[in-house]
Amino acid sequence: MMTGKSAPRRLSIFGSTGSIGQNTLNVVDHLGGRENFEISVLTGSGNVELLARQAKLSGARLAVTANDRHYESLKSALSGTGIEVASGKSGLMEAADREVDWVMAAIVGTAGLAPTLAAARRGADIALANKECLVSAGDLFIAAIREGGGKLLPVDSEHNAIFQVLEENQRHAIERVILTASGGPFRTASLRDMADVTVETARAHPNWSMGLKISIDSASMFNKALEMIEARHLFGLGPEQIEVIFHPQSIIHSMVGYTDGSVLAQLGAPDMRTAIGYALSFPRRPNLPVERLDFAKLARLDFEAPDEVRFPALRLARLAMMRGGVQGAVLNGAKEVALEAFIEGQLSFLAMAEVTERVMDDLAGLPPASGMDDVFAADREARQRAAELMTLAIAE
C-alpha cells in the first residue's frame, strides 16, 4: 500500500528578526525548508528590511511589524508578493489567531505575553524563548498550555538541556535541577571591585557577544535569576529544588539530579540551533550542522558555587518564587527600570539589586493575577515604584 507524504508543518515565528528567529529560519532551511514546513507568520519590530526579506524567502503568508510606524514601509517592501501585512498589538494578536502547529515565541519583553498566551490557548506547540511569559505570568501561561492541549518546548539552552534529560517516567524521583552559568565578567571579582563597575566593563562578556541589556543582565546574574523562576514553572519544582552553578566553559548546559544520586547532564557546543532544532523536531532528534564536541581537546570542566552576596539577584529569584503571585512580574519590572538607570549612569551596578529588592518588599502584598491585566498592572506599579525610589535617592 502506498502512503502519501505528510503535509508540511505550519509554523509561526514571533520575533523572526532577532537572533533566535534568524537561527530558527536557518534550522527550518536545513531541515527541508518549504518541502517540510509552511511558514504562516513572521513578526518583527524595527528591522523592516530584514523582515520583508525573510517573508519573501520563506513564502510567509503574513508579516507583522510590532511598530505601527513601520506599517507603510513593510507594506511597500512586500507590495506585489501576495504576502499579507499587519502591525501593532492588533497585528500581533492576528498572528496569534492563525491556525498553526508550532510557534516560536521569541518576542523580547512583555510585548510577547499576550500573543504567546493566545497562541497557547489555540493549542499550538509553543517553543518558548520569551522569559516574561513564565517570569511575569507563569501560572497563567501554564494554565493556557493545559487549556489548549499543546506542548511547551523550552528553547533557552539551560531549560532545553533539562528538558532533554528529564525523564518523564521518573518525575517522582527528581531531587533538583542545576542551571549552569558562565559567571560573566565578574565571576572572580571582589565586592569592592564590583562597586565601581561601568557599563563598558559590564557588557564585556568573556564568552559571547550579546546585546547591551542582556550582557549586563548576564553580568549581574539577573538573567540567571529569571531562568530560575522559569524553571519552577516549566518543570513544576519548588524553589529549594533549583540550583545554580558557575561553569565558565559553558559545555554542560544544565543538569538534573535524581533521588538515587544520579545526575544527568546535557553537553554540547554553545549553539542555539541545537535547542531550536530539538524543539522543532521533538520528540525526534534532527541532524544539525553544529560543532561536535571533541572530548580529547576539552582540557577541563570547572564548577564553583556562586556568591549570593556579590550576586544577590539569585537570592531575589528565590524570594519571588517563595512569595509567588505577581512577585515575578514585580522583580522583572523593577529590574528593567534599574537596568536603564545603570545604563544612563544614574545607578551603580550593585544598586540595581538593592532597588529591585526594595520594590519587591513594597509590593509583596499584591494579590495573585487572575488575568493578564493584573500582570500588566503589577509590572507598571513595579516600574513606577522603582522610578520613585531612584528619584528619592538622587534628591538625597
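For the single chain, residues carry numbers from 1 onward in sequence order.
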Lys89 and Met93: CA distance, side-chain angles, deciding distance, side-chain contact (heavy atoms from CB on, under 4.5 Å) verdict: CA-CA 6 Å; Lys89 292 180 180 178; Met93 294 309 292; 5.5 Å; no
Nearest heavy-atom pair of Pro286 and Leu31: which atoms, and what distance? CB-CD2, 3.9 Å
Go through Leu350 and Leu191 one step at a time and tell me if the side-chain contact (heavy atoms from CB on, under 4.5 Å) criterion holds. CA-CA 9 Å; Leu350 293 175; Leu191 194 62; 4.0 Å; yes
Is the closest basic N to carboxylate O distance between Glu227 and Lys131 below 4.0 Å? yes
Side-chain touch Met194/Arg310, heavy atoms, less than 4.5 angstrom: yes
Co-membership, hydrophobic cluster, residues Leu366 and Leu316, 4.5 Å side-chain: yes
Minimum side-chain heavy-atom gap Leu62-Ile83 below 4.5 Å: no
Are Asp193 and Ser190 linked by a side-chain donor-acceptor pair shorter than 3.5 Å? yes
Test salt bridge (Lys or Arg N to Asp or Glu O under 4.0 Å) on Asp361 and Arg323; report intermediate values, then the result. CA-CA 10 Å; Asp361 288 344; Arg323 287 176 175 170; 2.8 Å; yes
Could you state the interatomic distance from CG (Leu331) to CG (Leu226), rounded to the nearest 0.5 Å? 6.5 Å
Gly277 backbone acceptor or donor facing Ser281 side chain under 3.5 Å: yes
Distance alone, cut at 3.5 Å: any donor-acceptor contact between the side chains of Asn67 and Thr65? no
Between Glu388 and Arg385, is the closest basic N to carboxylate O distance under 4.0 Å? yes
Hydrophobic clustering (ILVMFWY, side-chain heavy atoms < 4.5 Å, transitive) - are Leu314 and Ile245 grouped together? no
Pair Gln164-Asn160, side-chain donor/acceptor within less than 3.5 Å: yes
Please say whether more than 12 non-hydrogen atoms of neighbouring residues, nucleotides or ligands are located less than 6.0 Å from CZ in Arg9. yes
Mark yes or no for whether Thr24, through its side chain, and Ile20, through its backbone, hold a donor-acceptor pair below 3.5 Å. yes
Can you tell me how far apart CD (Glu175) and CD1 (Ile178) are? Round to the nearest 0.5 Å. 9.5 Å
Name the orientation class of the two ring planes belonging to His247 and Phe303 (parallel below 30°, tilted from 30 to 60°, perpendicular beyond 60°). parallel
Main chain of Leu11, side chain of Asp101: is a donor-acceptor contact present, judged purely on distance under 3.5 Å? no
Is a salt bridge present between Glu243 and Arg176, judged by a nitrogen-to-oxygen distance below 4.0 Å? yes
Given Leu264 and Met255, is the side-chain contact (heavy atoms from CB on, under 4.5 Å) satisfied, shown in steps? CA-CA 6 Å; Leu264 303 187; Met255 298 170 271; over 6 Å; no
Are Val28 and Leu57 connected into the same hydrophobic cluster when the rule is that any two of I, L, V, M, F, W, Y join if their side-chain heavy atoms are below 4.5 Å apart? no
Do the side chains of Ile251 and Val177 join up, straight or via other hydrophobic residues, at under 4.5 Å, putting them in one cluster? no
Nearest-0.5 Å distance that lies between atom CD in Glu158 and atom CG in Asn223: 7.5 Å
What's the separation between atom NE2 in His30 and atom CG in Leu25, rounded to the nearest 0.5 Å? 14.5 Å
Taking all non-hydrogen atoms of both residues, which atom of Pro368 and which atom of Asp374 are closest, and how far apart? O-OD2, 4.3 Å
Has Arg292 got more than 12 heavy atoms of other residues, nucleotides or ligands less than 6.0 Å from its CZ? yes
Lys335 and Met352, any side-chain heavy atoms less than 4.5 Å apart: no
Ile13 backbone acceptor or donor facing Ser16 side chain under 3.5 Å: no
Indicate yes or no for a side-chain donor-acceptor contact from Lys224 to the backbone of Thr180 under 3.5 Å, with no hydrogens or angles considered. yes
Tell me whether the count of non-hydrogen atoms from other residues, nucleotides or ligands lying under 6.0 Å of CD in Glu240 goes above 12. yes
Would you say Val165 and Leu267 are hydrophobically clustered, going by side-chain heavy atoms of ILVMFWY under 4.5 Å? no
Please step through side-chain contact (heavy atoms from CB on, under 4.5 Å) for the pair Asp379 and Thr110, ending with a clear verdict. CA-CA 9 Å; Asp379 176 77; Thr110 54; 4.3 Å; yes
Salt-bridge contact Arg98-Glu94 (side-chain N to carboxylate O under 4.0 Å): yes
Do Ser136 and Asn332 come close enough that some side-chain heavy atom pair is under 4.5 Å? yes
Is it the case that over 12 heavy atoms from other parts of the model lie below 6.0 angstrom from the CG atom of Asp373? no
Does the ring centre of Phe186 sit less than 6.0 Å away from the ring centre of Phe349? yes
What are the two closest heavy atoms between Ala313 and Ala225, and how far apart are they? O-CB, 3.3 Å
Reported CD1-to-CZ distance for the pair Ile174 and Arg171, which is rounded to 0.5 angstrom: 5.0 Å
Is it true that the side chains of Ser73 and Ser76 contain a donor and an acceptor less than 3.5 Å apart? no
Asn130 side chain to Leu113 backbone, donor-acceptor under 3.5 Å: no
Between the side chain of Ser218 and the main-chain N/O of Ile214, is any donor-acceptor distance below 3.5 Å? no
Acceptor/donor pairs from residues 37-52 side chains to any protein atom, 3.5 angstrom cut, sequence neighbours excluded:
unit_1	atom_1	unit_2	atom_2	d
Glu38	OE1	Arg61	NH2	3.4
Thr43	OG1	Gly15	N	2.9
Asn47	OD1	Leu50	N	3.2

Just wondering, do Ile343 and Lys213 contact through their side chains at under 4.5 Å, heavy atoms? yes
Verdict with supporting geometry, Phe163 and Phe282, ring pair (Phe, Tyr, Trp, His ring centres under 6.0 Å): CA-CA 11 Å; Phe163 185 63; Phe282 181 82; 5.1 Å; yes
Output the distance between atom CD (Gln327) and atom CG (Leu363), rounded to the nearest 0.5 Å. 7.5 Å
Can a donor-acceptor pair be found, under 3.5 Å and without considering hydrogens, that links the side chain of Ser220 to the backbone of Asp217? yes
Is a side-chain N or O of Gln241 found less than 3.5 angstrom from the main chain of Gly238, in a donor-acceptor match? yes
Would you say His253's side chain and Gly268's backbone share a donor-acceptor pair under 3.5 angstrom? yes
I'd like to check Lys151 versus Trp102 (side-chain heavy atoms, cut-off strictly below 4.5 Å). Are they in contact? no
Is Arg122 salt-bridged to Glu147, going by a charged N under 4.0 Å from an acidic O? no
